Amino acid sequence: MMTSPFEITVVAKDSIQGNEYIDAAIAECARVENIVSDWKPETQISEINRNAGIKPVKVDLELFQLIQRAIKVSQLTDGAFDISYAAMDKIWKFDGSMKEMPTPEAIKKSVEKVGYQKIILDKTNQTVFLKDLGMKLGLGGIAQGYIADTIRTLLKNKGCIAGIANISGDIAAWGKQPNGNPWTIAIINPMNKSKVFATFPLIDNSVETSGTYEKFVVFDGIRYSHIINPKTGYPAQGIVSVTVFAQKTEMADVIAKGVFLFGVEAGLNLVNQLKGIECIIVDDKGKIATSKGISMEKFDINN
């Protein structure tokens, strides 16, 4: 769903109840997709984009609050995360077709219409306005985590005691397995994708791993990943994998992208200031760095 792999695991008393939970999860995913998708012309996000530079658009409270939170994360990450990235010119190609690096002028021009500061929210009228013609919002960087969270909340409210919602790697877990053991997640070794280098129990928590080990280009010996900084137009460098643990999948999702663009040192500094959030970073040399709450002794990237 949302053009991404979607997996739901539930603990239930029987298959009938289990299928009811799963059907509810699928319906919830479809419901939220019809709110946040900028690919569907009938959604409120599409309406906002069509009216960029023209007029404010009244939206549902759920969408208004999601955009509000996205802007707060943009402020927190100094624009490394920005839902107005959707207006960027697609000058970087990661399909093998790029033969030379874009010019500095082209890179600068590619982000001219990007800027979360130009997203105007009117709380009284519950409207969203994009100041400049050609601006666009894209919620792909936050929506998958948000959907995982809404599914978890919905199923818990329906009495589902345990499960996992996995929206393209944005994972929300609650409760425990039927045998009493916690859910366990594995992190792929980015230097050897057929192996894992760490496993973690996931108890009423969320996790998201972002990787650039499959989509990147190299120019003059420098590796440029597919994660583009919406502020500068340049791709992230130096990091191949970021895993973030948080209470909310939405937060794990957006912080992982911010860490990629901050780099190892500044990324760790950001995470270490955020309560209840931890991360594991693997750089392009295979070196592992972790936030304060995670022990380095557990890992071996060469496994």
Side-chain angles (χ1 to χ4, degrees), residues 4-11 25 141-142 144-153 155-156 160-214 227 239-260 262 264 267-303:
S4 300
F6 171 97
E7 296 178 345
I8 179 74
T9 303
V10 296
V11 174
I142 191 171
Q144 290 173 340
Y146 175 64
I147 288 174
D149 287 333
T150 64
I151 288 172
R152 174 169 55 190
T153 299
L155 293 189
K156 287 175 74 173
C160 182
I161 59 172
I164 296 176
N166 180 356
I167 310 298
S168 190
D170 291 67
I171 299 172
W174 69 100
K176 293 183 178 181
Q177 299 182 59
N179 62 8
N181 292 334
W183 301 108
T184 302
I185 62 104
I187 302 173
I188 291 175
N189 182 335
M191 302 316 212
N192 184 347
K193 292 179 289 182
S194 65
K195 297 183 178 180
V196 302
F197 75 88
T199 58
F200 283 89
L202 203 60
I203 304 171
D204 296 317
N205 210 0
S206 298
V207 64
E208 202 272 347
T209 295
S210 292
T212 63
Y213 36 85
E214 292 180 337
I227 296 178
I239 294 177
V240 294
S241 175
V242 175
T243 298
V244 175
F245 297 88
Q247 286 296 309
K248 292 283 189 181
T249 325
E250 176 187 309
M251 183 58 75
D253 198 1
V254 297
I255 294 300
K257 292 171 178 65
V259 169
F260 251 111
F262 271 36
V264 177
L268 287 177
N269 184 51
L270 169 68
V271 171
N272 285 331
Q273 295 180 63
L274 300 174
K275 186 178 179 182
I277 295 180
E278 302 291 347
C279 78
I280 303 168
I281 303 171
V282 182
D283 72 14
D284 55 9
K285 304 293 189 296
K287 184 179 178 182
I288 301 169
T290 66
S291 56
K292 291 178 180 178
I294 296 178
S295 171
M296 285 283 290
E297 297 174 358
K298 297 179 179 178
F299 311 116
D300 181 3
I301 196 68
N302 297 309
N303 278 351

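Residues: numbered from 1 along the sequence shown. No experiment lies behind these values; they were computed from the predicted model shown.
Proximity of a side-chain donor or acceptor of Glu278 to a complementary backbone N or O of Gly293 within less than 3.5 Å is detected. Remark: side-chain polar atoms of Arg152 are paired, donor with acceptor, to backbone N or O of Asn205 under 3.5 angstrom. Remark: the backbone N or O of Glu250 is paired with a side-chain donor or acceptor of Asp149 at under 3.5 angstrom.
Here Thr249 contributes atom OG1 and Ile147 contributes atom CD1; the two are 11.0 Å apart, rounded to the nearest 0.5 Å. One distance of note links OG1 of Thr243 with CZ of Phe197; it measures 6.0 Å at 0.5 Å rounding. To the nearest 0.5 angstrom, Glu7 atom CD is 5.0 Å from Asn166 atom CG. The distance from the CD1 atom of Ile288 to the OG atom of Ser241 is 9.5 Å, given to the nearest 0.5 Å. Note that NZ of Lys156 and CG of Asp204 are 5.5 Å apart. Values are rounded to the nearest 0.5 Å. Note that the CG atom of Leu202 and the CD1 atom of Ile185 stand 6.0 Å from one another [nearest 0.5 Å].
The shortest heavy-atom contact between Thr199 and Ala186 is CG2-CB, 4.0 Å. Residues Ala246 and Ile277 come closest through the heavy atom pair CB-CG1, 3.9 Å. A pairwise comparison of heavy atoms in Leu268 and Cys279 identifies CD2-SG, 3.7 Å as the closest pair. When all heavy atoms of Pro190 and Val282 are compared, the pair lying nearest together is CG-CG1, 3.7 Å. Here the closest non-hydrogen pair linking Lys257 and Asp253 is NZ-OD1, 2.5 Å.
Every residue meeting the side-chain contact (heavy atoms from CB on, under 4.5 Å) condition with Thr9, not counting sequence neighbours, appears here in chain and number order: Ile164, Trp183. Listed by chain and number, the residues in a side-chain contact (heavy atoms from CB on, under 4.5 Å) with Asn269 are Gln273 (sequence neighbours excluded).
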Could you list the donor-acceptor pairs under 3.5 angstrom formed between side-chain atoms of residues 175-182 and any protein atom two or more places apart in sequence or on another chain?
unit_1: Gln177; atom_1: NE2; unit_2: Pro182; atom_2: O; d: 2.8
unit_1: Asn179; atom_1: OD1; unit_2: Asn181; atom_2: N; d: 2.9

>> Go through it in stages, so that I can follow the logic: the residues are Thr209 and Ile188, the test is side chain to side chain contact (heavy atoms under 4.5 Å, CB included), and I'd like the CA-CA distance, side-chain angles, deciding distance and then a yes or no.
In response: CA-CA 9 Å; Thr209 295; Ile188 291 175; over 6 Å; no
> Given Ile8 and Leu155, is the side chain to side chain contact (heavy atoms under 4.5 Å, CB included) satisfied, shown in steps?
Replying inline: CA-CA 11 Å; Ile8 179 74; Leu155 293 189; 4.0 Å; yes
>> Set out, in order, the CA-CA distance, both residues' side-chain angles and the distance that settles side chain to side chain contact (heavy atoms under 4.5 Å, CB included) for Ser291 and Phe245, then state yes or no.
In response: CA-CA 10 Å; Ser291 56; Phe245 297 88; over 6 Å; no
> Does the side chain to side chain contact (heavy atoms under 4.5 Å, CB included) test come out yes or no for Phe200 and Val207, once each step is laid out?
Replying inline: CA-CA 10 Å; Phe200 283 89; Val207 64; over 6 Å; no
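Looking only at side-chain heavy atoms (C-beta outward), Ile171 and Glu208 stay at 4.5 Å or farther from each other.
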